[in-house]
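Step one of this worksheet: look at the structure below.
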Amino acid sequence: MVRIVFEYRDKWTHGEWSQQECTVRSVAECKKIYGLDECEYRILEIEEIK
């Protein structure tokens, strides 16, 4: 599992960056769950959880 901190912006955030955190199996899973392929995003931190 990995803990990922990321920021994204889209039409719902009105161009403002919004920060989010999630714990998932992979970055790909995070992107799918949060629809990051549909908006602008940047990953700030990835921490492996053992």
Side-chain angles (χ1 to χ4, degrees):
M1 299 293 282
V2 291
R3 181 180 147 274
I4 301 170
V5 179
F6 62 93
E7 291 182 323
Y8 67 94
R9 65 180 174 186
D10 58 15
K11 65 181 178 180
W12 306 111
T13 63
H14 305 289
E16 298 292 323
W17 287 101
S18 182
Q19 188 169 323
Q20 184 74 34
E21 178 179 323
C22 66
T23 302
V24 290
R25 292 184 194 115
S26 66
V27 173
E29 184 178 19
C30 178
K31 291 168 81 173
K32 181 178 178 182
I33 290 170
Y34 289 94
L36 297 180
D37 289 332
E38 305 296 320
C39 64
E40 187 177 355
Y41 73 93
R42 52 189 177 204
I43 294 177
L44 304 174
E45 182 180 340
I46 299 176
E47 176 186 0
E48 186 174 342
I49 300 174
K50 296 180 181 183

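Remember, it's a predicted structure, so these values are computed and weren't measured experimentally.
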N/O donor-acceptor pairs under 3.5 Å from side chains in residues 42-50, not counting sequence neighbours:
| from | atom 1 | to | atom 2 | distance (Å) |
| --- | --- | --- | --- | --- |
| R42 | NE | E7 | OE1 | 2.6 |
| R42 | NH2 | E7 | OE1 | 2.9 |
| E45 | OE2 | R3 | NH1 | 3.0 |
| E47 | OE1 | R3 | NH1 | 2.9 |

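The minimum heavy-atom distance linking C39 with D10 is given by the pair CB-CB, 3.7 Å.
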>> Run the ring-ring contact (aromatic ring centres under 6.0 Å, His included) test on Y41 and Y34 for me, step by step, so that the C-alpha distance in whole Å, both residues' side-chain angles and the decisive distance to 0.1 Å come before the verdict.
In response: CA-CA 10 Å; Y41 73 93; Y34 289 94; over 10 Å; no

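Under a hydrophobic-cluster definition in which Ile, Leu, Val, Met, Phe, Trp and Tyr are linked whenever side-chain heavy atoms come within less than 4.5 Å, directly or via other members, M1 and I4 are assigned to different clusters.
Taken from CD in E40 to OH in Y8, the straight-line distance is 13.0 Å, to the nearest 0.5 Å.
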